[in-house]
Undergrad: 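Below are the C-alpha cells for one structure; questions will follow.
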Protein chains: 2
Amino acid sequence: MTKTPISASEGVLQGLPDEAKAPAGLSDVSAEDLLLLDRQICFSLHAASRAFNSVYRVVLKELGLTYPQYLVMLVLWEHGELPVKRLGEYLRLDSGTLSPLLKRLEAAGLVRRERSAEDERSVRVHLTDAGADLREQALTVPRRIAAATGFDLGEIRDLRARLDRLTLALDAAALEGVPVCE
Amino acid sequence: MTKTPISASEGVLQGLPDEAKAPAGLSDVSAEDLLLLDRQICFSLHAASRAFNSVYRVVLKELGLTYPQYLVMLVLWEHGELPVKRLGEYLRLDSGTLSPLLKRLEAAGLVRRERSAEDERSVRVHLTDAGADLREQALTVPRRIAAATGFDLGEIRDLRARLDRLTLALDAAALEGVPVCE
DNA sequence: AGCCATTCAGTTGTGCACAACTTAATTGTG
DNA sequence: CACAATTAAGTTGTGCACAACTGAATGGCT
C-alpha cells in the first residue's frame, strides 16, 4: 500500500470540541476528553516528525544520505573529528544506534573511524575528503526544506524554542520517573 | 551505552548567533548560517519526537503497549471496528507498518482481524473485550504525560496547531515535489 | 463476457531507536 | 598493587517506518 494521506482537515488533524478554550488547568478536563486530546497531540507530533523526515528523505537522496546520517554529518561538519561518545551526546543517540550507522557511513567512504591512542576504549570519527566535500552539496538543503515548510525564520525559531522546552521538560520528567498516578 | 543526555543548554539546544532577529526572509541569511539553523531545527524536532516517545514508552509499558500500538488503540477506542485502510489513513501509516503491528496486537489478544464479507480485499479490525477494557487503564495516561510536559492545555493546543500547519505544508510540498533548486 | 487498471493487504529488505547485554580499557579505592 | 566499579564501543533482539513488490479481489470499459 502506498501513502495516500487523507487531507488534514478530515482524519487526524481536526479540532477538538473546544469546550475549554480558556488557559485551563488540566484538572478541569475529564479523563475522556484528555484521551481525545492525547490522541491529537500524539498524532500531531508523530505526524510532523514523519512528514519532516519524509521531505528530508527526498532531498537527501541525491546526497546518498538518510536523515539520521545527515544529522551525523551536520555535527561532523561543525565540529570536525570527534569520539563516538560526543557524537552520541550531541545527537542523543546511543552506541546501539550509532555503531551500525557509522559503519554504513564508513562503507560509503564519508567517514573514517580510529581507536584513540590515549584511550583505547574511545573511537574517534573523522571526515574523509569525500565526506568534507559533501558539505558543498548539503549547503543547498536547508533552503529547500525551509521553502517546503512555508515558515519564515521567526516561526522556525519559535517552533524550535517550544520543542526544546518540551524536550527539556520531558527529559526532566523521564529522569525523576514519570508520575505514577498524579 | 546507556542514554546519558547532556543538558540541553550545552550540546544541541543552544541558541543561534542571532544576527537576524527580525522576521527576516530566508534569502537574507547565508547558506552557511542556514546549515547551522537546519542542524538546530532538525535536532529539535527529532529530539522532541524521541523524548515524547520515550516518556510514553515508560507509561505505556504497564499497559503492555508500544507507542505506535497505543496510537492504533486510541483510534479503535474512538471509532470502534474499522478496516486496515481507514486505520492507515487516520494514522498516516501504510500496510507495511500496520500489518505486522496489528498481528502483534492480535497476538496480545487486544484486537481481532477478519476479512470483510462484502469486499474480500478488506480486513476489518475489531476490539476484543480485553482490548476494549484496556481503555480504562489508558484513561490515566494523558494526564500523566501532560504533567510530564509541564505545558498547560493552551500551550499544548497551540503547539499542536503549529505542528499540524507544518505537517500540512510539508505534505503539500512532498506531493508537488520538493523544490529542486529554489 | 473479457480484459485491464485499481485497490487492499501482506511480504521482503533496509535502516533507525532502544533495551539489554558483552568485551575491553580505564579509574578509583583499599 | 589488586580488584571492584565505571566507561566506551559494539552486539543482539524487538519493533517501527517505508520503499518496492506480490497476489488476490474488485470495478470499469469496451
Side-chain angles (χ1 to χ4, degrees), chain A residues 1-5 42 46-58 60-61 64-72 82-89 91-108 113-125 174, chain B residues 1-5 42 46-58 60-61 64-72 82-89 91-108 113-125 174:
Chain A
M1 187 204 270
T2 322
K3 184 161 54 179
T4 46
C42 283
H46 210 61
S49 166
R50 292 192 354 260
F52 224 73
N53 209 303
S54 130
V55 169
Y56 269 99
R57 192 193 324 279
V58 174
L60 292 176
K61 186 142 73 175
L65 293 175
T66 66
Y67 184 66
Q69 288 167 5
Y70 173 65
L71 295 181
V72 166
L82 79 180
V84 174
K85 181 78 196 312
R86 285 261 160 278
L87 208 48
E89 285 169 351
L91 295 167
R92 317 176 75 78
L93 291 173
D94 66 15
S95 62
T97 301
L98 283 176
S99 287
L101 190 157
L102 290 171
K103 213 180 282 183
R104 282 185 284 271
L105 284 180
E106 189 166 41
R113 288 184 300 164
E114 324 186 316
R115 286 273 159 197
S116 162
E118 313 88 71
D119 186 341
E120 291 275 342
R121 291 171 304 180
S122 172
V123 168
R124 308 189 73 84
V125 184
Chain B
M1 187 203 273
T2 321
K3 184 162 55 178
T4 45
C42 283
H46 209 62
S49 167
R50 294 199 344 267
F52 224 73
N53 208 301
S54 131
V55 168
Y56 269 98
R57 193 194 322 280
V58 174
L60 292 175
K61 187 142 73 174
L65 294 174
T66 67
Y67 183 64
Q69 289 168 4
Y70 174 63
L71 296 181
V72 167
L82 80 180
V84 174
K85 181 78 196 314
R86 286 262 159 278
L87 208 48
E89 284 169 352
L91 295 167
R92 317 177 77 77
L93 291 174
D94 67 14
S95 61
T97 301
L98 282 176
S99 286
L101 189 156
L102 290 171
K103 212 180 284 182
R104 281 184 285 270
L105 284 181
E106 189 166 40
R113 286 183 301 165
E114 325 185 315
R115 286 272 160 200
S116 161
E118 313 87 72
D119 186 342
E120 291 276 343
R121 291 171 303 180
S122 172
V123 168
R124 309 188 73 82
V125 185

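We name chains A, B, ... by the order of the sequence lines, and we start the count at 1 in each one. Both backbone and side-chain heavy atoms feed into the values below; hydrogens, waters and symmetry mates do not.
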Undergrad: Would B/Glu89 and B/Arg86 pass as an ion pair if we require N to O under 4.0 Å?
TA: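 Yes, B/Glu89 and B/Arg86 are salt-bridged.
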Undergrad: So which protein N/O to nucleotides 12-15 of chain C N/O distances come out below 3.5 Å?
TA:
none

Undergrad: Please identify each residue that fulfils side chain to side chain donor-acceptor pair (under 3.5 Å) with A/Arg57, with sequence neighbours left out.
TA: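 Checked A/Arg57 against side chain to side chain donor-acceptor pair (under 3.5 Å); zero matches.
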Undergrad: Checking B/Glu120 now: which residues fulfil salt bridge (Lys or Arg N to Asp or Glu O under 4.0 Å) with it, not counting sequence neighbours?
TA: none
Undergrad: Which listed nucleotide (D/dC18, D/dG10, C/dT11) is nearest to the side chain of A/Arg50?
TA: D/dC18
Undergrad: The side chain of B/Lys85 is closest to which nucleotide in this list: C/dA17, D/dA19, C/dA9?
TA: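 Looking only at side-chain atoms, B/Lys85 lies closest to C/dA9.
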Undergrad: Both A/Asn53 and A/Arg113 contact DNA chain D. Which one's nearest nucleotide lies toward the 5' end?
TA: A/Arg113
Undergrad: Using OP1 and OP2 only, check whether a side-chain N or O of A/Ser122 sits under 4.0 Å from D/dT7.
TA: no
Undergrad: Less than 4.0 angstrom between a side-chain N/O of B/Ser95 and OP1 or OP2 of C/dA9, yes or no?
TA: no
Undergrad: Using side chain to side chain donor-acceptor pair (under 3.5 Å) as the criterion, list what pairs up with A/Tyr67, not counting sequence neighbours.
TA: none
Undergrad: Out of curiosity, A/Leu82 CG to A/Ser122 OG, how far, rounded to the nearest 0.5 Å?
TA: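 Going from the CG atom of A/Leu82 to the OG atom of A/Ser122 covers 9.5 Å.
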Undergrad: What residues, two or more places apart in sequence or in another chain, satisfy salt bridge (Lys or Arg N to Asp or Glu O under 4.0 Å) together with A/Arg115?
TA: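 None.
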Undergrad: Is the shortest side-chain N/O distance from A/Arg115 to OP1 or OP2 of D/dA9 below 4.0 Å?
TA: no
Undergrad: For B/Thr66, what residues pass the side-chain contact (heavy atoms from CB on, under 4.5 Å) criterion, not counting sequence neighbours?
TA: B/Pro68, B/Gln69
Undergrad: Taking the side chain of B/Thr97 as its heavy atoms from C-beta onward, which of D/dA17, D/dG10, C/dG10 lies nearest to it?
TA: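 Ranking D/dA17, D/dG10, C/dG10 by closest atom to the B/Thr97 side chain puts D/dA17 first.
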Undergrad: Please give, in whole Å, the distance from C/dC8 P to B/Leu102 CG?
TA: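 Going from CG in B/Leu102 over to P in C/dC8 covers 16 Å.
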Undergrad: Tell me whether A/Arg50 contacts the main-chain N or O of B/Arg92 through its side chain, where contact means a donor paired with an acceptor under 3.5 Å.
TA: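 Yes, the answer is positive, given that a donor and an acceptor are paired below the 3.5 Å cut-off.
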Undergrad: On the nucleotide C/dG10, are OP1 or OP2 found under 4.0 Å from the side-chain N or O atoms that B/Lys103 carries?
TA: no
Undergrad: Provide a list of protein-nucleic acid N or O atom pairs under 3.5 angstrom, restricted to nucleotides 24-27 of chain C.
TA:
unit_1, atom_1, unit_2, atom_2, d
C/dT26, OP1, A/Glu118, O, 3.4
C/dT26, OP1, A/Glu120, N, 3.2

Undergrad: Could you tell me which residues satisfy side-chain contact (heavy atoms from CB on, under 4.5 Å) with A/Thr97, sequence neighbours excluded, listed by chain and number?
TA: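 side-chain contact (heavy atoms from CB on, under 4.5 Å) check on A/Thr97 returns A/Leu93, A/Asp94.
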Undergrad: Nearest whole Å is fine: how far is C/dG10 P from B/Asp94 CG?
TA: 12 Å
Undergrad: Could you state the CG-C1' distance from B/Leu98 to C/dA9, rounded to the nearest angstrom?
TA: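 For the pair B/Leu98 CG and C/dA9 C1', the rounded distance is 10 Å.
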